[in-house]
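The structure under discussion appears below in the form of C-alpha cells.
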Amino acid sequence: MIEEKDIVEDIFSQIREIMGNQFHGEIFLKLTQIEARVRQKWGGTEPYVPKSREKKRAKAANDLKNGMSPKDVMKTTGISRSEVYKLLNRNNRSSHGRNNT
C-alpha cells in the first residue's frame, strides 16, 4: 500500500524546523490558524504543484511568443541563455509547421 502524502504537513513541519525555538506563543497560534485555513481551502483536492523550473520555462516561452527579447527573458525569468534559445528554436519549428499545412 502506498502511503498518502500530506503536503500541508510537510510544508508546515519544515517551517517549524526553520523556526526552531522561536516557534511558540503568537507565532505558533498564527501558523496553526494558517494551516487550518489551508486545509479548509484545499482539503480533499489534489492541487498541481509545478516545479519552479517548469513554471519559469512556461513563462519564458510565453514571453518569447509575445515578442520579448531573449536578453529580457533571461533577466526576468532567470533561465539560462541556452534554455532561452532552445525555447526559441522550438517556437520557430512549431510556427513553421503550422504555416505549411
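Only this structure's heavy atoms are used, side chains among them; waters, hydrogens and symmetry mates stay out. Nothing here was measured: the structure is a model prediction, and the numbers come from that model.
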Going by side chain to side chain donor-acceptor pair (under 3.5 Å), name the residues that satisfy it together with [X], two or more places apart in sequence or in a different chain.
X: Gln14; value: Asp10
X: Lys86; value: none
X: Ser82; value: Ser80

Shortest non-hydrogen contact between [X] and [Y], atoms and distance:
X: Pro70; Y: Leu88; result: CG-CD1, 3.6 Å
X: Leu87; Y: Ala60; result: CD1-CB, 3.7 Å
X: Ile79; Y: Met74; result: O-CG, 3.7 Å

Nearest-0.5 Å distance, [atom1] of residue [X] to [atom2] of residue [Y]:
X: Thr32; Y: Ile27; atom1: OG1; atom2: CD1; answer: 11.5 Å
X: Leu29; Y: Gln33; atom1: CG; atom2: CD; answer: 6.5 Å
X: Glu9; Y: Arg16; atom1: CD; atom2: CZ; answer: 8.5 Å

Partners of [X] by side chain to side chain contact (heavy atoms under 4.5 Å, CB included), sequence neighbours excluded?
X: Ser69; answer: Lys71, Asp72
X: Asn66; answer: Asn62
X: Val8; answer: Asp6, Phe12, Glu35, Val38, Arg39

* Any chance CD1 of Ile7 has more than 12 other-residue heavy atoms, nucleotides or ligands included, within less than 6.0 Å? -> no
* Asked: Do the side chains of Lys59 and Asp63 get nearer than 4.5 Å, heavy atoms only?
  -> yes
